[in-house]
Amino acid sequence: MHALRCEAELKSERVARVVYESVLPDVELMPARRSRVDIDRRGNNIQIEIRAEDVSALRASASGVFRLLALSERVITTVLGDV
């Protein structure tokens, strides 16, 4: 089993909350055959934990989650402005 734990620090608690709430449904719907992704929010940080059977599945899951977070953060800061 392989694991990755990391934390994304966002500009504000508001942005982190909206980003977290926007990516949570997608993360929960990710196929769990070879990997499992858990996310949580504390303040302006989003914590990510990925566990996978192999390195390839770990990389694929990490890539997907990071893309979701980055896209959500960009959209939200564009809509909400500099919060």
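The structure displayed is predicted, hence computed values, not measured ones.
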Problem - Counterpart residues, side chain to side chain donor-acceptor pair (under 3.5 Å), relative to Arg67 (two or more places apart) - result: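 Scan of Arg67 (side chain to side chain donor-acceptor pair (under 3.5 Å), adjacent residues dropped) gives Ser63.
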Practice task
With side chain to side chain contact (heavy atoms under 4.5 Å, CB included) as the test, would you mind laying out the steps for Glu53 and His2 before giving the verdict?
Solution key: CA-CA 6 Å; Glu53 293 177 7; His2 300 276; over 6 Å; no
Practice task
Quick one: do Leu10 and Asn45 satisfy side chain to side chain contact (heavy atoms under 4.5 Å, CB included)? Show the steps, please.
Solution key: CA-CA 6 Å; Leu10 293 137; Asn45 295 315; over 6 Å; no
Interatomic distance, [X] atom [atom1] to [Y] atom [atom2] [nearest 0.5 angstrom]:
X	Y	atom1	atom2	value
Glu73	Ile46	CD	CD1	9.0 Å
Ile48	Arg41	CD1	CZ	13.5 Å
Arg51	Asp38	CZ	CG	5.0 Å
Arg36	Ser61	CZ	OG	11.5 Å
Arg59	Ile50	CZ	CD1	11.5 Å

Problem - Nearest non-hydrogen partners of Gly43 and Ala16, listed with the distance - result: O-CB, 3.6 Å
Exercise for the section: Could you list all the side-chain hydrogen bond (donor to acceptor under 3.5 Å, both in side chains) pairs where at least one residue sits in residues 17-26, not counting sequence neighbours? Expected result: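 Residue pairs passing side-chain hydrogen bond (donor to acceptor under 3.5 Å, both in side chains), neighbours aside: Ser22-Ser72.
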Problem - side-chain hydrogen bond (donor to acceptor under 3.5 Å, both in side chains) between Arg5 and Gln47, intermediate numbers included - result: CA-CA 7 Å; Arg5 289 180 193 92; Gln47 299 166 332; over 6 Å; no
Handout entry: Remaining members of hydrophobic cluster (4.5 Å side-chain criterion), Val79
Key =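 Joined to Val79, directly or through intermediates: Leu71, Val75.
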Exercise for the section: For side chain to side chain contact (heavy atoms under 4.5 Å, CB included), just list the numbers for Asn44 and Glu9, CA-CA rounded to whole Å, side-chain angles, deciding distance to a tenth of an Å, and then say yes or no. Expected result: CA-CA 6 Å; Asn44 66 329; Glu9 184 178 348; 3.8 Å; yes
Exercise for the section: Run the numbers on Ile39 and Val37 for side chain to side chain contact (heavy atoms under 4.5 Å, CB included), then give the verdict. Expected result: CA-CA 7 Å; Ile39 65 169; Val37 178; 4.3 Å; yes
